[in-house]
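Just below is one structure, and these are the notes that go with it.
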Amino acid sequence: MRDPLPQSFYLKPTVEVARNLLGALLVRTLSGGETLSGIIVETEAYVTGDPACHAYCGITPRNAVMWGPAGHIYVYRSYGIHEMLNLVTEREGLAEAVLIRAIEPVEGIETMRTARGGIKSRFELTNGPGKLAQALEITRAEFNGMDITRPNAALAVYERASEPEIKATTRIGITKGVELPYRFLIPKNGYVSKGRPSVAPI
DNA sequence: TCCGCGATCGTCT
DNA sequence: GACGATCGCGGAC
């Protein structure tokens, strides 16, 4: 397989990166050598001046990675339970990121099923940010701050085959900035998350 | 099928 | 001490 997407891919405006990630292949290599992969089908953009963005209130130990170089991984825990996978965008000093919300499983489906507690439906293995992290065994301890553009990394993103149809809607599961159309997904894909936008799709 | 609620804990005030 | 970029279960219809 070719090299992972380079840092220049993540140095573009965050909304553009969020759109360009749709259709790309997310590949997780487990410590045992097994490969898990899936096509990214849903993302959300978090930008400067956005009240829903973790970085909105300034730099803290938790969100420090967002201020760092593009192409690094920001993982944090939500509701005390779920791990969230984000990819840092923009230049250093500008704290923006893309949340990966859902993928369509390609390789390692049985392993993902086991990691998810034996769930039967393959549509529900990775259709939500918390589920995706659980299925791919992505933890904050191992991945927060890691460079995703490095060859042979435990997690990598590869260029998409072709540009998919893209739909923009409002974001999900937040209480601030709900009106911004920063959620992007591939319509009619059965693996997107089930949450619904609070406003009609744009 | 849809909706409401509890779980659970790191982080910030 | 309160809350959150969520999830899954159980009950109503």
Side-chain angles (χ1 to χ4, degrees), chain A residues 10 13-15 17-19 21-22 26 38 40-68 70 72-90 94-105 112-145 148 155 167-185 190-202:
Chain A
Y10 301 95
T14 301
V15 166
V17 175
R19 299 176 64 99
L21 279 170
L22 292 178
L26 180 67
I40 297 173
V41 296
E42 182 175 343
T43 60
E44 283 182 359
Y46 287 87
V47 304
T48 301
D50 169 9
C53 182
H54 280 182
Y56 183 65
C57 297
I59 191 166
T60 67
R62 172 173 71 151
N63 65 25
V65 173
M66 291 183 75
W67 265 265
H72 283 223
I73 301 170
Y74 170 48
V75 180
Y76 84 100
R77 185 182 295 271
S78 175
Y79 292 90
I81 307 171
H82 308 287
E83 307 280 341
M84 303 281 163
L85 172 64
N86 298 260
L87 302 181
V88 177
T89 60
E90 282 286 2
L94 203 52
E96 306 198 357
V98 174
L99 169 68
I100 308 299
R101 287 192 56 89
I103 65 172
E104 174 181 338
M112 293 188 203
R113 202 188 301 277
T114 303
R116 293 272 292 116
I119 262 185
K120 290 173 192 162
S121 167
R122 57 187 282 158
F123 293 101
E124 296 183 13
L125 289 174
T126 54
N127 64 337
K131 301 176 189 179
L132 179 156
Q134 187 181 25
L136 297 183
E137 302 179 32
I138 292 171
T139 60
R140 174 179 143 84
E142 182 177 356
F143 286 95
N144 192 42
I148 202 172
L155 195 63
K167 189 162 98 175
T169 76
T170 52
R171 291 172 296 184
I172 287 176
I174 55 176
T175 56
K176 302 167 194 166
V178 293
E179 74 287 356
L180 296 170
Y182 287 167
R183 175 185 179 224
F184 304 97
L185 54 89
Y191 297 89
V192 300
S193 69
K194 293 296 184 286
R196 297 196 176 157
S198 54
V199 188
I202 312 290

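Because the structure is predicted, anything quoted here is derived from the model rather than measured.
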Answer with yes or no whether His54(A) presents, from its side chain, a donor or acceptor under 3.5 Å of a partner atom in the base of dA5(C). yes
Exactly one of Ile172(A), Leu132(A), Thr43(A) clears side chain to side chain contact (heavy atoms under 4.5 Å, CB included) with Arg101(A), and that residue is Ile172(A)
Rounded to whole Å, the OH-C1' distance (Tyr79(A) to dC5(B)) equals 13 Å
Whole-Å gap separating P (dT13(B)) and CZ (Arg62(A)): 10 Å
Is there a side-chain polar atom (N or O) of Arg77(A) under 4.0 Å from OP1 or OP2 of dC7(C)? no
Mind listing the residues from residues 118-131 of chain A sitting with a heavy atom below 4.0 Å of DNA chain C? Number order is fine. Gly128(A), Pro129(A), Gly130(A), Lys131(A)
Rounded distance in Å - CD (Glu83(A)) to P (dT11(B)): 10 Å
Indicate yes or no for a side-chain donor-acceptor contact from Thr14(A) to the backbone of Ala45(A) under 3.5 Å, with no hydrogens or angles considered. no
Going by heavy atoms in the side chains, are Val178(A) and Thr170(A) under 4.5 Å from each other? no
Whole angstrom value for the distance that separates P of dC7(C) from CG of Leu132(A): 10 Å
Could you give the OH-to-C1' distance, from Tyr56(A) to dG4(C), as a whole number of Å? 17 Å
Is any side-chain heavy atom of Arg62(A) less than 4.5 Å from a side-chain heavy atom of Tyr76(A)? yes
For the residue pair Thr48(A) / Glu96(A), report whether a side-chain donor-acceptor contact shorter than 3.5 Å exists. yes
Any idea which of dT6(C), dC12(B), dT11(B) is nearest the Ser78(A) side chain? dT6(C)
When rounded to the nearest 0.5 angstrom, what is the spacing between CG in Leu136(A) and NZ in Lys131(A)? 13.5 Å
Go through dC12(B), dC7(C), dG8(C) for me and flag the one nearest to the Arg116(A) side chain. dG8(C)
Nucleotide of dG4(C), dG8(C), dT6(C) approaching Thr175(A) most closely (side-chain heavy atoms): dG4(C)
Can you list the stems that include DNA chain B, where a stem is three or more consecutive Watson-Crick or G-U pairs with distances under 3.5 Å? B:1-7 with C:6-12, B:9-12 with C:1-4
Check every atom of dT8(B), dT11(B), dG10(B) against the side chain of Thr60(A) and return the nucleotide holding the closest atom. dT11(B)
Distance check, rounded to the nearest 0.5 Å: Leu87(A) atom CG versus Leu21(A) atom CG? 6.0 Å
To the side chain of Ile174(A), which of dA7(B), dC12(B), dA5(C) is closest? dA5(C)
Rounded interatomic separation in angstrom, taking CD from Glu44(A) and P from dG4(C): 16 Å
Output the rounded distance in Å from CD1 (Ile81(A)) to C1' (dT6(C)). 7 Å
Less than 4.5 Å apart, any side-chain heavy atom of Val65(A) and any of Asn86(A)? no
Distance col, row Ile119(A):CD1 vs Leu125(A):CG, nearest 0.5 angstrom, shows 6.5 Å
Asn127(A) (side chain) donor-acceptor with Ala102(A) (main chain) under 3.5 angstrom: no
Give the rounded distance in Å between these two atoms: CZ of Arg171(A) and C1' of dG4(C). 14 Å
So, Tyr76(A) and dG10(B): ring centres less than 5.5 Å apart, planes less than 30° off, yes or no? no
